[in-house]
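See below for the structure under consideration.
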Amino acid sequence: MSAGYDLYAPGDSWLHRLDPRVKLILTAMAALLVLLWSSLPLLLAALALAHLLLALARYPRGLAIGVWRALAPLLILIVTLWPVFDRRGEPVLLALGPLIVTGEALLRGLATALRIAALSFTLLLWLGTTDQRSLVRSLVRLGLPFSLGMAMTIGLRFIPTFAGVFQTVSEAFQARGLDLPPRGLRRLRAMLPILVAALVTALRMSEQLGWTLAAQIGRAHV
């Protein structure tokens, strides 16, 4: 699997060298602040600060852009649908039958999208500069059982891995003549065999990973 789908980027910056436990505590505190804030300027400042820290840590721009691409559909959906279901506030920007869009609802939707983006890049400061071994060790030293720490870390790492599997399978299907419509239900139907093949591949990978972990644990007890 291509390393391009792993959020972690090796480096020797100050953020890479920082104790993983300190990074985890600072990330948790920053995430809590982002969750509590509802001000657009503060959320924008948090998002800009996360990007600045990533730039100072020399985090690859391509990986950061990849995170934005993954978040973009969700953020657009939130900004688009939030004002439709939240009719509170003034002024009324659009009143078309049962559809009422207010300025305050639009701002709340934008704030929610910014909060998700800020949270994502705040977590990226931790996950993107901490290798898996250091991450597990930091969680265990903070009191988390090793088995739970390993399970959580593998889960976090497996998300971009599955994305890479899905793209690889999709490219293989298209190379064999599969035509993917640009949008709509036809595209969803055409992607069904890709999803099934990707799930099968992911299950096989997880089974192999389980065997590897079991073998390593067995060696440790010998």
Side-chain angles (χ1 to χ4, degrees), residues 5-7 23-55 59-129 152 155-167 170 180-192 194-195 198-199 202:
Y5 293 102
D6 191 353
L7 294 177
K23 281 192 283 188
L24 175 58
I25 294 173
L26 293 176
T27 299
M29 294 173 60
L32 181 60
L33 287 176
V34 170
L35 287 173
L36 293 176
W37 286 340
S38 58
S39 169
L40 287 177
L42 288 177
L43 292 172
L44 280 172
L47 184 59
L49 179 60
H51 280 78
L52 177 60
L53 291 175
L54 288 172
Y59 189 76
R61 184 178 302 178
L63 290 180
I65 293 175
V67 174
W68 270 116
R69 288 176 178 172
L71 288 174
L74 176 62
L75 301 182
I76 294 173
L77 195 64
I78 291 174
V79 175
T80 303
L81 294 183
W82 191 284
V84 176
F85 295 98
D86 184 1
R87 304 180 180 181
R88 298 171 298 164
E90 297 288 342
V92 176
L93 302 178
L94 177 65
L96 187 61
L99 177 61
I100 299 176
V101 177
T102 66
E104 290 184 16
L106 188 61
L107 291 177
R108 281 192 291 269
L110 183 59
T112 302
L114 283 175
R115 183 177 294 111
I116 292 176
L119 280 173
S120 300
F121 281 94
T122 298
L123 290 175
L124 185 61
L125 287 170
W126 174 45
L127 296 176
T129 60
M152 188 177 97
L156 291 171
R157 298 298 189 192
F158 203 74
I159 294 174
T161 300
F162 181 75
V165 169
F166 185 85
Q167 182 169 342
S170 176
L180 282 180
R183 61 179 65 88
L185 292 177
R186 292 180 58 192
R187 180 178 179 85
L188 293 178
R189 292 173 183 171
M191 292 178 66
L192 184 60
I194 298 176
L195 180 61
L199 286 174

From the list Leu54, Leu119, Thr27, side-chain contact (heavy atoms from CB on, under 4.5 Å) with Leu124 holds only for Leu54
Here the pair of heavy atoms bringing Val34 nearest to Leu43 is O-CD2, 3.8 Å
Rounded to the nearest 0.5 Å, the CG atom of Leu26 sits from the NZ atom of Lys23 at a distance of 10.5 Å
In short, Leu47 meets His51 closest at the heavy-atom pair O-ND1, 2.9 Å
Output for pair (Ser38 OG, Leu114 CG), nearest 0.5 Å, gives 12.0 Å
Looking only at heavy atoms, the pair that brings Ala30 and Thr122 closest together is CB-CG2, 3.8 Å
Rounded to the nearest 0.5 angstrom, the CG-OG distance for Leu127 and Ser120 is 10.5 Å
The reported gap from CZ in Arg115 to CG in Leu110 (rounded to nearest 0.5 angstrom) is 10.5 Å
In terms of heavy-atom contacts, Leu75 and Ala113 come closest through CD2-O, 3.3 Å
Residues at least two apart in sequence or cross-chain that pass side-chain hydrogen bond (donor to acceptor under 3.5 Å, both in side chains) with Trp37, listed by chain then number, are none
Taken to the nearest 0.5 Å, the spacing of Leu24 CG from Leu123 CG works out to 10.0 Å
All heavy atoms of Phe121 vs all of Ala50, minimum pair found to be CB-CB, 3.9 Å
Closest heavy-atom pair, Trp82 versus Ala105, reported as atoms and distance to 0.1 Å, is CD1-O, 3.3 Å
